[in-house]
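Here is the structure we will look at, set down as structure tokens.
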Amino acid sequence: MTLPAETAGHIARLREQLEHHNYSYYVLDAPEVPDAEYDRLFRELQALEAQFPEAASADSPTQRVGGAPQSAFASVTHARPMLSLNNAFTEDDIVGFDRRIREGLKVESVDYAVELKFDGLAISLRYEGGRLVHGATRGDGATGEDVTANLRTIRSIPLVLTGPAPTILEVRGEVLMLKRDFERLNDEQRARDEKLFANPRNAAAGALRQLDSRITASRKLTFFAYGLGQIDGDGAVGGRHSAQMDWLERLRFPVNRERRVVTGVAGLLAYYREIGERRASLPFQIDGVVYKVDDLAAQERLGFVSRAPRFAVAHKYPPEEELTVVRDIDVQVGRTGALTPTARLEPVFVGGVTVTNATLHNEDEVQRKDVRIGDTVIVRRAGDVIPEVVAVVIDRRPPDAIVFRMPARCPVCGSAVIRPEGEAVSRCTGGLYCPAQRKQALLHFASRRAMDIEGLGEKLVDQLVDGNVVRTPADLYRLGVSALAELERMAEKSAANVVAGIEKSKDTTLARFIYALGIRNVGEATARDLADHFGSLDRLIDANVETLQQVPDVGPVVAESIARFFAEAHNREVIEQLRAAGVHWIEHEGRAAAAPRPLDGRTFVLTGTLPTLTRDEAKARIEALGGKVAGSVSAKTHYVVVGADPGSKAEKAAQLNVPMLDEDGLLELLKSAQASPDN
DNA sequence: GATCCTCGAGTTCT
DNA sequence: CTCGAGGATC
């Protein structure tokens, strides 16, 4: 069947519409039509192209789903070499960079185009007559691999340029995978029991190097343009790098919006700091920022040193991920006897600190990640603070790498280790006989949210327990200045401070005291519920499993833990000794019909750092009015209080449409709640 | 019985 | 912060 002119026009319109929607969705991030409408247009075009094969075109949006596999990548010589940038790590490096530029140009002050340095793969796109003819990886800078088929699957890359365009145009930029797409990919890989990717960069590299472009199409990649290669013909904007980027944006290339023009060293460093603070919350990984002299004529005058331009530099952030070697896997014993395998690492600088330890959580986790002693591993300290072993670099595994086994006996006290059916944690059965558990129990008792004993830290507890000076919390209240002063690194003065701290802790609350006891499954929140419900310690001690379950959030398991704790004669004895030593609190009649408070039933979640209130202060103020402060955002959360550097909770809140407050908003809410108690 | 939500517990470094 | 598991809810 021949192609009627009318149908040809229809096909062209469909292609235009689909590319327009791709642009709105993938470049502007502002979809104009529902996905279903896009799908409908797409299928209509597909059907027409199938019916009229002569209308097929490599530029058609239908080709973005990938095609038949290739057997190898051809190599491509870049019309202009793809350069690398010099790296800078310190402010001094940047001061020196700016000084050399000013001296080279003989000017007082320089305007710089500043932008993000994406952690992805550099590529070059070549357009001839406004059509994408090929795209290649950077390779060695002179020659790269032709990955055109794969690049076509990236929706934000224009296949055809609209409007006037130069006859030859090379666009340089970065292909990367968004963090959320990376996570989804790994979830899928996990579900299919396939190998996980270590990070978005590896995943993007893997996707781009697929010989089967249909696989590339199924992994979502993103592209940002940041420079130009060869340009012949009209249309290009000269003068300034920033103007070129604006021009690329008008040509409908995705250009990252965090770019800016700043003046002088102060501008560069301010940008570095600003982006550094927002780095974790960006939707993609970056490993630094890039500074380029904005004036193109000035760039030309500065020229190149060996393979890198003199007019630009990459200012790097401390790496979020690094490679290091597992020296050993130790087992730590926690307060509840939980045995936690910990990787002892070759010290490595990640995320601004030197990391030497990383938890491996439990036996299953070690197995899942297959971490062995001697392995080279990827360590991350992203978003949050706590180092994490992301994955093992299998290629670097020495033949004598040692597989980790959970010990059968506690490494501290030698008691048997058990791992109950269906549970992830192995535990030492030594109980308080185990010095490690005793130490942790004492530290918990003294901790800020429990009895809040100032001056009683880990070092001191170690000495007290190892020297057999203290066995139970009650022993703490028998300590004198002289006994403490005999210990190492403990002079009269600090000994007196510790005794004062212990003395001060005697005045406490029932909830704190219950929490301090360290009953299994009873944390801060449950301790408070128990204190509210029973009102006195004796009523709690006398409660049986049925009575206990009347308390909110106490079910059979928690009730059993509590009952078992108080059934132990030893525990009751320590409690008596503590009371005899003068530990006291105010008791009440229990279940006191508390007056309704303005924030009853309202749930808050805090994230980030507030300007003036500490987390605890904010929490206390909310709770004072009857509100609850939860740890994670859900549909039942009423308000999320957002400070500086918020975590993932702010994103979640936006997703779930939970109202967000800043500190001022919170204070205002508290104030008006106080004023009108019935809301 | 499944699913959602919350709580508990463990964790690093300065 | 994250995971695992207990409790509540449908």
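Here is how names work: the chains are called A, B, and so on, in the same order as the sequence lines, proteins then strands, and each is numbered from 1.
Atom NE2 in A:His444 sits about 7 Å away from atom P in B:dA9, given to the nearest Å. One interatomic measurement links the two molecules: CZ of A:Arg368 to P of C:dT2, which rounds to 15 Å at whole-angstrom precision. Atom pair A:Arg528:CZ and B:dC7:P shows a separation of 9 Å (rounding to whole Å applied). Atom CD in A:Glu458 sits about 12 Å away from atom P in B:dC13, given to the nearest Å. Rounded to an integer number of Å, the gap from CG of A:Leu339 to C1' of B:dT11 is 15 Å. Straight-line distance from the CG atom of A:Asp330 to the C1' atom of B:dT12: 15 Å, rounded to whole Å.
Smallest separation of non-hydrogen atoms from A:Ala516 and A:Met451: CB-CG, 3.6 Å.
With B:dT12, C:dA8, B:dG8 as the candidates, the nucleotide lying closest to the side chain of A:Thr359 is B:dT12. Of the candidate nucleotides B:dG10, C:dG7, B:dT12, C:dG7 has the atom lying nearest to any side-chain atom of A:Pro556. Of the listed nucleotides (B:dT12, B:dC7, B:dG10), B:dG10 has the atom at the smallest distance from the side chain of A:Thr336. Checking C:dG4, C:dG6, B:dA9 against the side-chain heavy atoms of A:Val558 singles out C:dG6 as nearest. The side chain of A:Thr340 lies closest to B:dG10, out of B:dG10, B:dC13, C:dA8.
Across the interface with DNA chain B, nearest-nucleotide mapping of A:Tyr515 and A:Thr356 shows A:Tyr515 to be the residue nearer the 5′ end.
For an aromatic pair to be called close, the ring centres must be under 6.0 Å apart, and A:Phe284 with A:Phe182 fails this.
As judged by a 4.0 angstrom heavy-atom cut-off over every strand, A:Val522 is placed among residues touching the sugar-phosphate backbone only.
Remark: A:Arg335 is in phosphate contact with B:dA9, judged by side-chain N or O atoms under 4.0 Å from OP1 or OP2.
A side-chain donor-acceptor contact under 3.5 Å links A:Asn544 and A:Thr547. When only modelled atom types and interatomic distance are considered, A:Ser505 and A:Asp452 share no side-chain donor-acceptor pair under 3.5 Å. Of the N and O atoms on the side chains of A:Asp529 and A:Thr526, not one donor lies less than 3.5 Å from an acceptor on the other residue.
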